[in-house]
Visitor: 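Starting off with a structure, shown below.
Every number for a ligand or one of its atoms is a count from 1 in the order of the listing.
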Amino acid sequence: MNTTVLDRPKGNLKPLNITEIDPFIDLKAEIDRLRKERNAVILAHYYQEGEIQDIADFVGDSLDLSRKAAATDADVIVFCGVRFMAETAKILSPDKTVILPDMKAGCSLEDSCPPDLFRKFREEHPDHVSLTYINCSAEVKALSDIIVTSSNAEYIVDQIPRDKPILFAPDRFLGGYLAKKTGRDMLLWQGSCIVHEQFSERELVKLMGTHPGAPVIAHPECPGHILQHADHVGSTSSILNYVLTSDADTFIVVTEPHIIHQMQKTAPDKTFIGAPNDDGNCNCNNCPFMALNTMEKLYLCMANMTPQIEVPEDIRVKALRSVQRMMDMSPPVQPAKNV
Ligand code: 13P
Ligand code: SF4
């Protein structure tokens with residue numbers, strides 16, 4: 001007989017109190033044991049270190065991860081990503097326990113958009129519809145009309161009546177890219193991602209000279225002077241998919257370099273070159289927030305069941321409206337390409 005959601009045993013959520021990790025334990029085996037004991041699902045973003053991606057039940061972009069978080073029947077969602085992603089999971093699945101390895105894993109885009117200033121911005125432009133990138137706090141989501149991710153933003157903008165003016169926050173580069181792509185006039189909040197704004201156009205052009213014909217694939221959080229050189233611009237899932245379907249054998253990757261781990265796994269015969277910043281060094285483009293999550297902290301959060309994400313119910317209900325609009329306005333789910 002199949003085990004249904006109703007007769008499946010509940011996970012044991014009792015916290016342990018582990019402060020020091022025994023250096024002799026097998027972390028992977030312990031994480032796996034806790035995953036089963038707690039009936040937990042581990043979700044990871046492509047910018048997490050390779051070992052975390054490999055132990056996760058699912059690896060994806062922001063939209064994929066939101067969809068997984070909404071659909072899972074696990075008791076615990078272990079979110080290996082940054083705080084706004086874990087908060088989105090809690091907004092969608094309030095009855096589940098959502099934990100993340102390090103509560104300090106924030107995002108420069110979230111930091112650039114304090115709720116009080118955003119509320120004022122909205123009040124100054126009452127006739128505008130506000131489209132907000134998912135990289136923001138739950139409070140800013142609650143103040144927004146529709147949430148978007150980099151994989152559905154263009155599709156959603158195209159559904160907004162052309163006579164309706166748009167406010168886009170908090171990423172000025174993604175907003176600028178969308179305004180250009182859709183031909184829409186947008187009022188842009190002036191936030192940016194500290195990782196994607198660091199790529200050097202000069203170094204990129206040099207690299208293109210050394211690898212003629214290698215497609216440049218870039219995330220739309222990059223500034224326009226970088227995107228103008230890109231053969232493909234898209235979310236992390238979209239650029240991964242491009243690599244899998246392209247005939248090219250070498251690619252210049254202009255986004256957080258940990259995605260290359262997944263590219264190498266799915267296309268081992270191809271070559272991936274991370275784009276450099278001004279120092280000519282691609283390592284500085286690691287996201288410092290994503291890097292706060294480690295295998296050790298992943299183990300500890302699953303053992304101790306902390307830190308847990310909490311979103312005040314009044315904010316959650318309002319944020320759910322804008323997140324649910326995003327879900328309803330998103331393109332249909334693509335066939336699974338996860339590894
Ligand atoms: P996507 O994974 O949705 O492309 O977003 C990237 C990002 O901003 C993660 O910080
Ligand atoms: Fe935020 Fe940029 Fe890091 Fe993504 S890569 S979490 S946008 S700081």
Visitor: Quick one: which ligand 2 atoms are inside 4.0 Å of a heavy atom on N135?
Guide: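 Counting atoms of ligand 2 from 1, those under 4.0 Å from N135 are 7 (S).
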Visitor: Tell me, which protein residue and heavy-atom name are nearest atom 8 (O) of ligand 1, and how many Å apart are they?
Guide: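 The answer is E221 OE2, 2.6 Å.
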Visitor: Do D145 and R122 meet the salt-bridge criterion of a basic N to acidic O distance under 4.0 Å?
Guide: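 A salt bridge links R122 with D145.
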Visitor: Out of all atoms in ligand 1, which are within 4.0 Å of some heavy atom of D61? Include the element for each.
Guide: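 Per the distance check, 1 (P), 2 (O), 3 (O).
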Visitor: Within the 4.0 Å heavy-atom shell around M85, which atoms of ligand 1 are there?
Guide: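 Checking each atom against M85, I get 9 (C).
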Visitor: Give yes if a backbone or side-chain nitrogen or oxygen of S150 is under 3.5 Å from a nitrogen or oxygen of ligand 1, and no if not.
Guide: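 Yes - when backbone and side-chain N and O of S150 are compared with those of ligand 1, one distance drops under 3.5 Å.
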Visitor: Do Y46 and T255 get their side chains close enough for a donor-acceptor pair, meaning under 3.5 Å?
Guide: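 Checked: Y46/T255 side chains show no N/O donor-acceptor pair below 3.5 Å.
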Visitor: So that I can tick it off, tell me whether D32 and K36 are bridged by a salt bridge, with the cut-off set at under 4.0 angstrom between side-chain N and carboxylate O.
Guide: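 Judged by the 4.0 Å cut-off on N to carboxylate O distance, K36 and D32 do form a salt bridge.
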Visitor: Which ligand 1 atoms does Y133 reach within 4.0 Å, using its non-hydrogen atoms?
Guide: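 Near Y133, meaning under 4.0 Å from one of its heavy atoms, ligand 1 has 5 (O), 8 (O).
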Visitor: Do we see a donor-acceptor contact under 3.5 Å between the side chains of N277 and S200?
Guide: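 No.
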Visitor: Determine whether the side chain, the backbone, both or neither of N135 has a heavy atom under 4.0 Å from any heavy atom of ligand 1.
Guide: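 The part of N135 near ligand 1 is the side chain, not the backbone.
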Visitor: Using heavy atoms and a 4.0 Å limit, tell me yes or no: is E256 in contact with ligand 1?
Guide: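 No; E256 lies far enough from ligand 1 that no heavy-atom distance drops under 4.0 Å.
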Visitor: Atoms of ligand 2 less than 4.0 Å from E221 heavy atoms?
Guide: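 Answer, ordered by atom number: 2 (Fe), 7 (S).
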Visitor: Considering only the protein, which heavy-atom contact is closest to atom 3 (Fe) of ligand 2, and what is its distance?
Guide: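 Its nearest protein heavy-atom neighbour is C287 SG, 2.4 Å.
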Visitor: Check whether the side chains of S235 and S150 place a donor and an acceptor atom closer than 3.5 Å, and report yes or no.
Guide: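 Short answer, no.
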Visitor: Number the atoms of ligand 2 from 1 as they appear, then name those within less than 4.0 Å of a heavy atom of L109, with their elements.
Guide: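 Listed by number with element: 7 (S).
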Visitor: Relative to the heavy atoms of H219, which atoms of ligand 1 are at a distance of less than 4.0 Å?
Guide: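 Selected atoms, number and element: 1 (P), 4 (O), 5 (O), 6 (C).
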Visitor: Which of the numbered atoms in ligand 1 are below 4.0 angstrom from a heavy atom of S235?
Guide: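 What qualifies from ligand 1 is 4 (O).
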Visitor: Mind checking whether E110 contacts ligand 2 via backbone (N, CA, C, O), side chain (CB onward), both or neither, at a 4.0 Å heavy-atom cut-off?
Guide: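 No part of E110 comes within reach of ligand 2.
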Visitor: For ligand 1, is there an atom lying under 4.0 Å from some heavy atom of F84?
Guide: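 Checking ligand 1 against F84, which is what was asked, there is no heavy-atom contact under 4.0 Å.
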Visitor: If only side-chain N and O atoms count, and only distance matters, is there a donor-acceptor pair under 3.5 Å linking H258 with E49?
Guide: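 Side-chain D/A pair, E49 to H258: absent.
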Visitor: With a 4.0 Å cut-off on heavy atoms, does S151 reach ligand 1?
Guide: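 S151 does not count as a contact of ligand 1 under the 4.0 Å cut-off.
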Visitor: Considering non-hydrogen atoms of the protein only, which is the closest contact for atom 3 (O) of ligand 1, and what is the distance?
Guide: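 Scanning the protein heavy atoms, the shortest distance from atom 3 (O) of ligand 1 goes to S62 OG, 2.9 Å.
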Visitor: Are M326 and T149 side-chain neighbours, meaning at least one heavy-atom pair lies under 4.5 Å?
Guide: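 Yes, at least one pair of side-chain atoms sits under 4.5 Å.
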Visitor: Pair E221, Y177 - check side-chain hydrogen bond (donor to acceptor under 3.5 Å, both in side chains), show working.
Guide: CA-CA 9 Å; E221 287 173 14; Y177 168 75; over 6 Å; no
Visitor: Just checking, is any N or O donor in the side chain of E197 or S192 under 3.5 Å from an acceptor N or O on the other one?
Guide: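 The criterion, which ignores hydrogens and geometry beyond distance, is satisfied for S192 and E197.
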Visitor: Show the nearest heavy-atom pair for residues Q190 and R172, with the distance to one decimal.
Guide: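 Closest pair (atom of Q190, atom of R172, distance): OE1-CD, 2.9 Å.
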Visitor: Between E313 and R316, is there a salt bridge with N-O shorter than 4.0 Å?
Guide: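 Looking at E313 together with R316, the answer is yes, because their closest N to O distance falls below 4.0 Å.
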Visitor: Suppose I only count heavy atoms of F289 and a 4.0 Å limit; which atoms of ligand 2 are within that range?
Guide: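 Per the distance check, 8 (S).
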Visitor: For residues E256 and N285, report the shortest heavy-atom separation together with the two atoms involved.
Guide: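 That would be CG-O, 3.6 Å.
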Visitor: Check ligand 2 against C107 and write out every atom of the ligand that is under 4.0 Å from a heavy-atom position of the residue.
Guide: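 Numbered from 1, ligand 2 contributes 1 (Fe), 6 (S), 7 (S).
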Visitor: State the atoms of ligand 1, each with its element, that fall below the 4.0 Å cut-off from a heavy-atom position in Y47.
Guide: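 It comes down to these atoms of ligand 1: 6 (C), 7 (C), 9 (C), 10 (O).
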Visitor: Quick one about E37 and N12 (side-chain donor to acceptor, distance below 3.5 Å, no hydrogens or angles considered), yes or no?
Guide: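 Judged by distance alone, the side chains do pair up.
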Visitor: For a distance under 2.8 Å, tell me if C193 has an N/O/S atom near atom 2 (Fe) of ligand 2.
Guide: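 Of the N, O and S atoms in C193, at least one lies under 2.8 Å from atom 2 (Fe) of ligand 2, which means yes.
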